[in-house]
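Down below is the structure, laid out as structure tokens.
Please read these numbers as outputs of a predicted model, since none were measured by experiment.
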Amino acid sequence: MRKYLVVLSACTMMACGSHSDVREVDAAAAADTSKGYNQNTTISANINTSSNSLTTAKEIVSPDAIKMHVEYLASDLLKGRNTGSTGIDEAATYIIKQFQDAGVKPYFSSYRDKFDAKGVSGFNVVGMVEGTDPDLKTEYVVIGAHYDHIGSAKVVNGDSIANGANDNASGTSAVIELAKYFAETKTNKRSIIFALFAAEEMGLLGSAHLAKRLKTTSINPYVMFNIEMIGVPMTDKDYTVYLTGFENSNMAEKFNGYSGSKVMGFLPQAKQYNLFKRSDNYAFYEEFKIPAQTVSTFDFTNFDFYHHVDDEATVMDFNHIANVVNQLIPGVEGMTNSNSHEIIWNE
């Protein structure tokens, strides 16, 4: 049987290191983008249209669990998790311990998927939970996030450590908790790969490496779903997270249908600044020409500390992050359990 893969991942929404297609985004200009902007794309799935960004999902993942992960990953002890540093090595060790304790097995022979990151040692962390259906378990869903950051930034009040709580300890915490949930409940007919990417900040290198490595195997991806910067909520939105490349697929429609609420929506700034190409999802689109998109709650108006030393755990909304993860669970279950490949690319 031909193997398929769905990828959920996380990555930086703005300038991603030295990636050739990336340019810095003017946040002030982006914040003004939606004024007078009309979007005709609609979600036609059977959902509760009264749902909005304040919708609270059933608490499966707790804010305390999210807080534990983010506070460790964004602590001064890890010194900003720059790829090749002792800090990112300790972050990987932490993630692996979470996987081991939950019963998430390594996807490859080791949890550490090594690659060269411009002359320094980089490694993704890749685990898996096997599917429960004898036939569908040969197909794969991959959930991921970049767990690296930039190490240091401009000194403010004597602090030079860019802790990267929102970018992207928030997304990493989501992947850890999703991995733990599916390892415990086994509500996935398809197998699930959980991938944490390094060297995103150096130019999306970790995701590019994994996409190329998977290209050499019999796995053929179905969907790439990337999570990025979910540390603080948006305001005045009737959805919880926005989806990059929104109109390029029916992912939002199908996901919202699986979830029974409007989890994913359209953000005009994401289209204007082509955020579809600025995150780890893009490597999978380039390699496989599949639906490969990113979700986030960073909307250019709700967070002032991008690549800043004040991107600390203390400014994260742990109730919000946990709520995002809890709202994602039904949609992920729908993607892993559908009898056919319902999410399609429109190009």
With sequence neighbours excluded, what pairs up with [X] under the side chain to side chain donor-acceptor pair (under 3.5 Å) test?
X: Asp310; answer: none
X: Ser191; answer: none
X: Ser249; answer: Gln293
X: Asp148; answer: His146

Of all pairs that satisfy ring pair (Phe, Tyr, Trp, His ring centres under 6.0 Å), the ones with a partner from residues 167-188, not counting sequence neighbours: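 Residue pairs passing ring pair (Phe, Tyr, Trp, His ring centres under 6.0 Å), neighbours aside: none found.
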Sub-3.5 Å donor-acceptor pair from the side chain of [X] to the main-chain atoms of [Y], do we have one?
X: Arg81; Y: Ala91; result: no
X: Thr336; Y: Asn188; result: no
X: Tyr239; Y: Phe266; result: yes
X: Ser296; Y: Met229; result: yes
X: Ser170; Y: Ile230; result: yes
X: Ser173; Y: Val70; result: no
X: Thr297; Y: Val232; result: yes
X: Asn281; Y: Phe276; result: yes
X: Lys254; Y: Glu342; result: no
X: Asn163; Y: Glu312; result: no

Contact list for residues 92-101, test salt bridge (Lys or Arg N to Asp or Glu O under 4.0 Å), sequence neighbours left out: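 Of all non-adjacent pairs touching residues 92-101, those that pass salt bridge (Lys or Arg N to Asp or Glu O under 4.0 Å) are Lys97-Asp101.
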Partner set under salt bridge (Lys or Arg N to Asp or Glu O under 4.0 Å) for Glu287, not counting sequence neighbours: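 Glu287 satisfies salt bridge (Lys or Arg N to Asp or Glu O under 4.0 Å) with Lys212 once adjacent residues are dropped.
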Those residues that, when tested against Phe305, pass ring-ring contact (aromatic ring centres under 6.0 Å, His included) (two or more places apart): Phe303, His308
Residue pair Glu177, Ile66: steps toward the side-chain contact (heavy atoms from CB on, under 4.5 Å) verdict: CA-CA 8 Å; Glu177 286 302 309; Ile66 296 294; 3.9 Å; yes
Parallel, tilted or perpendicular: rings of Tyr285 and Trp345 (30°, 60°): tilted
Output all residues satisfying side chain to side chain contact (heavy atoms under 4.5 Å, CB included) with [X], sequence neighbours left out; order by chain, then residue number.
X: Ser121; answer: Phe123
X: Ala153; answer: Ile150, Ala162, Val309
X: Glu90; answer: Tyr72, Leu77, Leu78, Thr86

Side chains of Asp64 and Ser62, donor plus acceptor under 3.5 Å: no
Distance-minimising heavy-atom pair for [X] and [Y]:
X: Ile96; Y: Val125; answer: CG1-CG1, 3.8 Å
X: Ile88; Y: Ala198; answer: CD1-CB, 4.1 Å
X: Asp299; Y: Asn302; answer: OD1-OD1, 2.9 Å

Residue pairs fulfilling side chain to side chain donor-acceptor pair (under 3.5 Å) with at least one residue in residues 106-115, sequence neighbours excluded: Asp89-Arg112, Thr93-Arg112, Asp113-Asn124, Asp113-His209, Asp113-Arg213
Output field: ring centroids Phe300/Phe298 closer than 6.0 Å: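 Yes, the ring of Phe300 comes within the 6.0 Å limit of the ring of Phe298, centre to centre.
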side-chain contact (heavy atoms from CB on, under 4.5 Å) between Asn346 and Glu247, worked out: CA-CA 8 Å; Asn346 294 330; Glu247 66 274 37; 5.8 Å; no
Trace of the side-chain contact (heavy atoms from CB on, under 4.5 Å) decision for Val175 with Tyr147: CA-CA 10 Å; Val175 172; Tyr147 72 106; over 6 Å; no
Stepwise side-chain contact (heavy atoms from CB on, under 4.5 Å) check, Tyr306 with Asn166: CA-CA 8 Å; Tyr306 173 74; Asn166 197 11; over 6 Å; no
